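First listed ligand is number 1; within each ligand, the first listed atom is number 1. Given the structure is predicted, the values throughout are model-derived calculations rather than measurements.
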Amino acid sequence: MRWIMLALLLLTGCDSSPELPPLAAGSELVVLTRNSPTTYYFDEDRPTGFEYELIRAFAERHDLRIRIKVAFTLEELINGLAVGEAHIAAAGLTRTSARSDRFIATQPYLTQEALVIYKSGQRRPRRLAALAGRDIVVLAGSSHIELLKSLQAQHPRIRWREIRAADSLELMELVAAEKAELAVIDSTEFQVQQRLYPRLVSALSLSEPEDIVWYLPRLEGAESWADAINQYFDDIDETGELKRLQQIHFGNVQYATRIGSLTFQQAMRTTLPQWQSMIEAVAREYQMDWRLLAAIAYQESHWDPRAKSPTGVRGMMMITQATARELGISNRMDPRQSLRGGARFLKNLLRRLPTDIAEPDRTWMALAAYNIGMGHLEDARVLTERAGLDPHLWEDVRQHLPDLQDPAVYPSVRFGFARGQEAVTYVDNIRHYWSALQLTGLDEYRLEPPITAESILPGDMENFIPLTL
Ligand code: GLU
């Protein structure tokens, strides 16, 4: 009881009546979340993640300072919110009737389905009834348990094991290692993490699309917070910012093929280690993310410094003779020279792009130009504008690049025909490799759960990371 009172005091300052303080500029916004690639994580030493970015923009709008508290299980998160440990829980939480009875839900800002996943080669369940008798894992405290319970009413032989973790990656790990047959996972989490486990596939949906919401404790004043949040969600929906964030965090995964992914995973383990320090050193020289340079090099040559193509491009970064001359490369087969040439070339393109193209779109467009040439990219941007779309957004330009090979279209553009579809695939692949490299690196930046569960009282999260904007 003592810690409940303490928690309430924390929220209300000196006043002991349980209420959320008014949203006042300069005050602190305490947010409960979980550490996972779809919510909140560190990229190198920079906090990021879909939930974190949403929170940050909301805090900026109201001039609040953020304090993030990380829960190590969903149960811990829900309990923490129940005792008023935070103003908001933002953690990819599905709206359920049980939760909405206890807490105030905002309007949804994302939807996702609950998927049943299995390992390819194993027995695939094709109908809900086929889940009976199988070994299913699910996150403890997850909305998916409510789903399974309602299914159990019709299929009493459905059983599951509840795993105490904050992240469905743990479930995927169990299925991949054949320590569980099936797992129930949210579709977005699955898409984002699937590149780490390319053998895992979705068998069926356990639900219709479900709403993902922020939850607030049922305290006095919380309704007005919810109103402000709903207004914020409406606004970012209107301006396209919400869609942009969804694209950045979840968007690029749908284009990757599973087979390509498997080969890449293997190369990451077997070939990359021998090149990584050289790639890192060159990336440092050119002040770019080494994982981006590694992703381009993989796309170009599969990290083979002796790669050759029939069209005369050579080496780790597959540079043409003409470009090599321009960049002062004497030996294209020298991996360090090749990497330097590629990095310089990309930096050049990034500089030459119109200044009003913002990141990350800027990088995607530079990559497209790397593949197809700046002139053709410009043509595709003109076509994008002609179609009433935005030539500053990669997603829009991406749609019009393939028009450069349409005989009804290309005669009308300045530089004529180009293999636009290839450029799209090129960028999609690099994005996929880049994020797989980022995800793999994530382990190093993962927060470790407390050593013993007993060392913390429920809701008493000493393990938060304080952040100040
Ligand atoms: N969306 C789920 C929930 O709200 C968490 C994610 C999961 O269980 O995979 O409980």
Side-chain angles (χ1 to χ4, degrees), residues 31-41 49-52 54-55 70-82 86 88-118 131 136-151 158 160-176 180-194 196-197 200-217 246 249-250 253 439 442 446 449:
V31 180
L32 259 170
T33 190
R34 54 195 173 113
N35 176 220
S36 89
T38 51
T39 52
Y40 166 73
Y41 65 93
F50 180 61
E51 293 289 2
Y52 178 74
L54 282 176
I55 285 288
V70 174
F72 291 96
T73 64
L74 281 164
E75 290 159 314
E76 207 179 288
L77 191 134
I78 295 294
N79 291 339
L81 192 67
I88 299 174
L93 296 173
T94 306
R95 182 167 59 199
T96 69
S97 50
R99 285 177 184 168
S100 297
D101 284 347
R102 291 178 78 184
F103 306 112
I104 297 171
T106 65
Q107 68 193 41
Y109 52 90
L110 185 74
T111 56
Q112 42 185 338
E113 293 162 60
L115 300 177
V116 177
I117 61 133
Y118 75 112
L131 298 176
I136 306 174
V137 286
V138 58
L139 282 187
S142 158
S143 58
H144 303 150
I145 293 173
E146 288 182 46
L147 278 176
L148 287 169
K149 277 187 182 150
S150 63
L151 261 180
I158 291 185
W160 59 88
R161 285 189 283 143
E162 300 182 9
I163 307 296
R164 293 220 137 60
D167 181 357
S168 49
L169 201 64
E170 318 266 343
L171 306 183
M172 297 180 67
E173 185 78 53
L174 288 172
V175 177
E181 281 185 278
L182 305 169
V184 184
I185 287 177
D186 276 332
S187 45
T188 311
E189 299 205 10
F190 179 56
Q191 271 170 30
V192 170
Q193 317 219 58
Q194 191 189 18
L196 283 183
Y197 299 101
L200 299 189
V201 252
S202 152
L204 51 94
S205 297
L206 204 58
S207 70
E208 296 293 310
E210 297 182 300
D211 290 334
I212 305 297
V213 298
W214 287 353
Y215 273 114
L216 292 91
Q246 288 171 350
H249 293 276
F250 312 129
V253 283
L439 263 187
L442 250 183
R446 260 174 111 82

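Partners of Thr73 by side chain to side chain donor-acceptor pair (under 3.5 Å), not counting sequence neighbours: none found.
Under a cut-off of 6.0 angstrom, the local environment of CZ in Arg164 is sparse, with at most 12 non-hydrogen atoms contributed by other residues, nucleotides or ligands.
Heavy atoms of Gln112 stay at 4.0 angstrom or farther from ligand 1.
Taking only nitrogen or oxygen atoms, main chain and side chain alike, Arg34 does not reach within less than 3.5 Å of ligand 1. For the pair Ser142 and ligand 1, the shortest N or O to N or O distance falls below 3.5 Å.
Under the side chain to side chain contact (heavy atoms under 4.5 Å, CB included) test applied with Leu93, the options Asp211, Leu81, Leu74 reduce to a single match, Leu74. Shown are Ile117, Val137, Leu131; of these, the side chain to side chain contact (heavy atoms under 4.5 Å, CB included) with Leu182 is made only by Leu131.
The protein atom (non-hydrogen) at minimum distance from atom 9 (O) of ligand 1 is His144 CE1, 3.4 Å. The protein heavy-atom contact nearest to atom 6 (C) of ligand 1 is Asp186 OD2, 3.3 Å. The protein non-hydrogen atom at the shortest distance from atom 3 (C) of ligand 1 is Ser143 OG, 3.3 Å.
Neither the backbone nor the side chain of Met172 has a heavy atom within less than 4.0 Å of ligand 1. By the criterion of a heavy-atom distance under 4.0 Å, the side chain of Leu139, and not its backbone, is placed next to ligand 1.
Annotation for Ala71 and Glu76: closest pair CA-OE2, 3.6 Å, computed over non-hydrogen atoms.
Atoms of ligand 1 lying under 4.0 Å from any heavy atom of Gly92, numbered from 1 in the order shown and given with element: 1 (N), 2 (C), 4 (O). Atoms of ligand 1 lying under 4.0 Å from any heavy atom of Glu189, numbered from 1 in the order shown and given with element: 6 (C).
Judged by distance alone, the side chains of Gln246 and Tyr109 never bring a donor and an acceptor atom under 3.5 Å apart. Donor-acceptor pairing under 3.5 Å is lacking for the side chains of Thr33 and Glu51.
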